[in-house]
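Comments concern the structure below.
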Amino acid sequence: MINKKIDTVQQAVEGVTDNMTLMLGGFGLCGIPENAIAELVKLGVQNLTCISNNAGVDDFGLGLLLQQRQIKKMISSYVGENDEFERQMLSGELEVELTPQGTLAEKCRAAQAGFPAFYTPAGYGTEVAEGKESREFNGKMYILEKAYEADFAFVKAWKGDEAGNLIFKGTARNFNPCMCGAAKITVAEVEELVPVGELDPNHIHIPGIFVQRIFQGKNYEKRIEQRTVRTR
Amino acid sequence: MINKKIDTVQQAVEGVTDNMTLMLGGFGLCGIPENAIAELVKLGVQNLTCISNNAGVDDFGLGLLLQQRQIKKMISSYVGENDEFERQMLSGELEVELTPQGTLAEKCRAAQAGFPAFYTPAGYGTEVAEGKESREFNGKMYILEKAYEADFAFVKAWKGDEAGNLIFKGTARNFNPCMCGAAKITVAEVEELVPVGELDPNHIHIPGIFVQRIFQGKNYEKRIEQRTVRTR
Amino acid sequence: MLDKNGIAKRIAKEVKDGYYVNLGIGIPTLVANFVRDDIEVEFQSENGVLGMGPFPYQGEEDADIINAGKQTITTLPGASFFDSAMSFSMIRGQHVDLTILGAMEVAENGDIANWKIPGKMVKGMGGAMDLVASAENIIVAMMHTNKKGESKLLKKCSLPLTGVGCVKKIVTNLAVLEVTNKGFKLLERAPGITVEEIKKATEGTLIIEGEIPEMEIA
Amino acid sequence: MLDKNGIAKRIAKEVKDGYYVNLGIGIPTLVANFVRDDIEVEFQSENGVLGMGPFPYQGEEDADIINAGKQTITTLPGASFFDSAMSFSMIRGQHVDLTILGAMEVAENGDIANWKIPGKMVKGMGGAMDLVASAENIIVAMMHTNKKGESKLLKKCSLPLTGVGCVKKIVTNLAVLEVTNKGFKLLERAPGITVEEIKKATEGTLIIEGEIPEMEIA
């Protein structure tokens with residue numbers, strides 16, 4: 001067993017420097033690498049390019065990095081819940097590349113899987129297709145999308161073991177598995193780090209080969225963005 | 001819950017006719033849809049094109065369909081354990097398209113996921129690349145491979161529920177998940193069909209949306225191709 | 001004239017037994033409330049769940065179980081969770097039978113715009129571009145006119161497109177329309193709405209053939 | 001001269017701590033037996049397992065747990081199972097650190113042929129084409145000459161290629177060689193084998209610089 005365990009969140013962000021491209025898992029505030037984000041704020045790295053489906057809210061998730069103006073460019077599919085984001089974007093302080101959600105997921109997965117490019121129908125005939133190759137297959141039009149290139153991927157899982165194997169819970173899975181192994185270094189934080197051998201090999205969502213560092217996260221807030229309930 | 005359960009193996013192969021293209025899961029004799037194959041032999045359909053990583057052995061797996069001369073063309077990555085296969089191939093009775101294993105898996109997955117084509121490095125500069133587009137990305141050469149088109153996919157899972165959700169066991173998983181939803185109709189046979197709600201939604205490998213029919217298989221032989229053991 | 005619930009109710013009639021359905025944010029979300037309970041339907045949410053149930057009871061919310069609108073949800077027996085790549089395999093691979101989403105504008109050739117107002121609102125397309133580029137069966141749920149009273153059923157979209165030639169059917173507060181290669185074909189009127197009123201509220205080519213029945217949304 | 005186990009033993013020295021390794025069928029499979037036990041290595045098999053262990057004890061074979069050679073195997077703590085698409089994500093995505101495979105022919109530019117003898121043997125390439133097209137670090141394990149005594153280290157492959165310019169290192173019964181842009185560079189001699197003998201058995205350009213040490217395979 002190749003041991004991927006690190007002991008501190010400081011080790012988790014070791015090597016992250018200005019101008020790097022980071023992938024960050026999560027959908028809205030669900031399944032985000034809370035510990036790593038907090039430490040990136042502390043680290044104070046600048047001019048980051050962040051690939052993440054959303055940009056957090058004003059005071060949580062990637063919103064924390066936006067507040068500190070550490071992000072130069074966001075690559076996301078939806079950024080609608082963040083006033084500071086909108087302000088920075090409209091004022092031109094923040095560069096934004098909006099990408100269809102399925103394309104975003106697959107551009108991560110392509111990087112993970114060694115595919116340089118793929119054809120997808122999403123965005124054909126729209127702004128998203130500008131500057132990209134369009135091509136017909138079987139009578140339908142597609143555009144060519146390329147794999148992302150990133151320096152670090154920060155993901156959050158539910159359980160993990162020291163070999164880096166990961167299991168996700170519910171819809172907190174989302175982009176996290178697609179980002180594992182899609183960057184030069186993948187750092188996973190987990191709610192529960194278990195000894196090797198405790199996870200059923202059939203239930204592992206992401207094998208440890210895609211993960212370079214794993215650590216036990218602390219104090220998960222797991223904030224709910226839209227608390228919707230019904231009455232009994 | 002949308003119910004996909006069928007009661008008999010006859011219903012499993014309903015609609016399969018001569019000249020169709022079938023996908024069949026399994027690696028060697030591991031994780032093959034034994035029940036469906038046996039019924040296809042009984043059904044006597046002819047001129048099939050079969051997409052399957054291997055071609056079985058002389059008297060088991062796809063070898064049974066080969067014996068009956070029901071297969072016109074095999075699309076596989078490795079066909080080395082089958083004398084009848086070799087005889088039919090060398091005599092020209094059987095058409096064979098050999099495809100790199102990872103490409104085969106991804107051509108299935110592309111069909112499942114709605115990608116018409118993708119670029120892969122496998123086979124560049126070899127016979128496999130003949131007649132295919134080659135292209136450079138980031139200084140490396142790739143070839144364009146297209147998604148398969150198939151009429152039926154027959155897969156084998158360990159457990160499944162009536163909603164068509166599937167869980168695989170060990171290396172019997174192999175090509176089975178990639179083929180689910182990659183053909184017009186996907187038929188899953190399982191060792192254990194459980195009531196809906198028994199499978200943990202986090203552990204499901206293939207959601208029922210990719211499966212049109214599911215049934216409880218019978219009398220699994222699960223033959224071992226190479227029984228290798230050590231002594232105590 | 002229909003309210004939002006009325007639109008959702010009418011669209012619910014398009015949901016057939018055995019359908020996997022993806023509901024967009026807004027009016028489409030309401031459709032789930034009106035689907036007949038004698039048919040089997042499964043709702044897919046693109047953030048990674050199939051088999052969505054109703055909202056949880058107070059105190060039973062789970063931050064790890066949400067829908068694409070970031071709302072806390074529950075799951076029904078037979079549900080499954082999966083990652084974003086697989087979720088869009090379902091969508092792009094046309095395994096989802098029906099997609100219902102909102103729009104700012106629809107053009108008579110089926111083009112749709114619903115993600116961006118240049119210089120004003122730039123929230124992003126989320127999964128909408130994948131959905132409209134892939135789905136065989138797309139129904140748009142929207143008001144017939146915008147807040148200024150201008151038609152949202154146009155000859156040509158003025159806003160940046162989400163997808164081209166993809167919308168098949170539109171249900172508004174005034175009417176049900178089908179997108180044909182000759183323009184919007186009027187299928188049904190909302191209760192109390194005249195063909196004249198629909199004509200006035202429709203900028204794109206409107207095709208009226210024979211008697212136009214009133215919707216049944218009981 | 002080395003036997004098959006000797007070749008495997010020498011290659012085992014190339015396996016470093018923390019490596020994920022894919023072993024081909026034949027001599028490469030033997031390498032697992034000789035890896036130092038004070039380092040951590042995980043073996044990947046392309047049919048869908050990471051963390052392979054030794055063969056099972058008699059009576060403990062599981063038909064559902066095999067390697068790419070279709071042999072019954074066991075798994076070690078920390079192992080995982082996955083589907084074929086993910087397996088080749090590991091390979092194509094260069095997450096596997098070292099690939100060891102057999103060959104019929106290797107050319108001095110790194111081309112490899114190991115899957116087909118036209119008209120004679122057509123078993124298929126299995127995962128070999130994906131492996132050689134993707135891996136950064138490929139070691140070929142083979143006999144220096146074929147059964148007829150002809151060199152397998154050639155100027156140019158005569159058989160259909162498996163991959164182009166991909167082989168980095170070759171370990172044979174006679175020598176260890178590196179593929180450079182000038183040809184096969186002789187690194188080590190097998191015990192008791194002279195440089196002359198290696199020269200004779202090598203059809204491709206052989207580069208000999210300085211004293212060539214004998215392999216250490218203790």
Side-chain angles (χ1 to χ4, degrees), chain B residues 1-6 23 105-118 147-150 153 157 159-168 177-186 188 193-214, chain C residues 15-22 35-53 62 64-67 73-99 127 129-136 163 166:
Chain B
M1 189 268 305
I2 301 168
N3 200 322
K4 308 292 176 73
K5 188 185 169 222
I6 53 173
M23 290 179 169
E106 195 67 16
K107 281 164 79 90
C108 294
R109 194 247 171 195
Q112 174 190 71
F115 294 110
F118 57 90
Y148 285 129
E149 289 178 31
K159 289 186 182 180
D161 67 19
E162 298 183 0
N165 294 305
L166 303 178
I167 294 180
F168 302 89
C178 317
M179 289 177 174
C180 290
K184 292 191 193 88
I185 294 177
T186 297
L193 189 61
V194 304
V196 160
E198 274 204 12
L199 302 179
D200 183 334
N202 286 304
H203 293 164
I204 288 167
H205 293 129
I206 284 292
I209 192 172
F210 294 114
V211 173
Q212 279 67 52
R213 304 176 192 168
I214 190 167
Chain C
V15 179
K16 308 279 186 254
D17 191 29
Y19 267 18
Y20 293 98
V21 183
N22 182 291
V35 173
R36 282 164 47 190
D37 55 11
D38 61 339
I39 62 173
E40 293 297 347
V41 173
E42 285 186 40
F43 293 103
Q44 194 255 17
S45 195
E46 64 265 29
N47 59 316
V49 55
L50 189 68
M52 267 192 290
D62 184 338
D64 291 330
I65 301 181
I66 65 170
N67 65 16
I73 56 157
T74 59
T75 56
L76 300 173
S80 55
F81 297 113
F82 35 85
D83 67 39
S84 301
M86 183 176 272
S87 183
F88 283 90
S89 292
M90 294 177 190
I91 290 167
R92 202 186 305 99
Q94 306 190 329
H95 306 286
V96 173
D97 300 291
L98 176 60
T99 293
M129 281 195 183
D130 303 272
L131 282 159
V132 301
S134 307
E136 288 280 320
C166 50

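Reminder, nothing fancy here: chain letters follow the sequence lines and each chain counts from 1. These numbers come from the heavy atoms of this one structure, side chains and all, not from hydrogens, waters or symmetry mates. Just so you know, these numbers come straight off a predicted model, no measurement behind them.
- Of all the listed residues (C/I39, C/L50, C/T75), the one sharing the greatest number of non-hydrogen pairs under 4.5 Å with chain B is C/L50.
- Of the atoms belonging to B/D161, it is side-chain heavy atoms, and not backbone ones, that fall under 4.5 Å from chain C.
- The two residues C/S89 and B/F210 come nearest to each other via the heavy atoms CB-CZ, 4.2 Å.
- Neither the backbone nor the side chain of C/L76 comes within contact range of chain B; no heavy atom of the residue lies under 4.5 Å from a heavy atom of that chain.
- Taking CD1 of B/I2 as the start and CG of C/D97 as the end, the distance is 7.0 Å to the nearest 0.5 Å.
- Judged as a side chain to side chain contact (heavy atoms under 4.5 Å, CB included), and not counting sequence neighbours, the contacts of B/A183 are B/A150, B/A153.
- The part of C/F82 that comes within reach of chain B is its side chain, from C-beta onward, which places non-hydrogen atoms under 4.5 angstrom from that chain.
- Heavy-atom distances place both the backbone and the side chain of C/V96 under 4.5 Å from chain B.
- For the pair B/A113 and C/R92, the tightest heavy-atom approach, listed with the atom from each and the gap, is O-NH1, 2.9 Å.
- Summarising the geometry of B/M1 relative to C/E42, their closest heavy-atom pair is CA-OE2, 3.6 Å, with the distance given to 0.1 Å.
- Here the shortest heavy-atom pairing between C/M90 and B/P207 reads CE-CG, 3.5 Å.
- Listed options C/Y20, C/F81, C/F88 were ranked by heavy-atom pairs under 4.5 angstrom with chain B; first place goes to C/Y20.
- Contact annotation for B/H203: neither backbone nor side-chain heavy atoms come within less than 4.5 Å of a heavy atom of chain C.
- In terms of modelled atom types and a separation under 3.5 Å, the side chain of B/N165 and the main chain of C/G78 share a donor-acceptor contact.
- A distance of 9.5 Å separates CE of C/M86 from NE2 of B/H205, quoted to the nearest 0.5 Å.
- Highest contact tally toward chain C, considering only B/A182, B/A111, B/G114, is held by B/G114 [criterion: heavy-atom pairs under 4.5 Å].
- When the shell of 6.0 Å around CD of C/Q94 is examined, it contains more than 12 heavy atoms from other residues, nucleotides or ligands.
- For B/L199, no part sits under 4.5 Å from any heavy atom of chain C, backbone or side chain.
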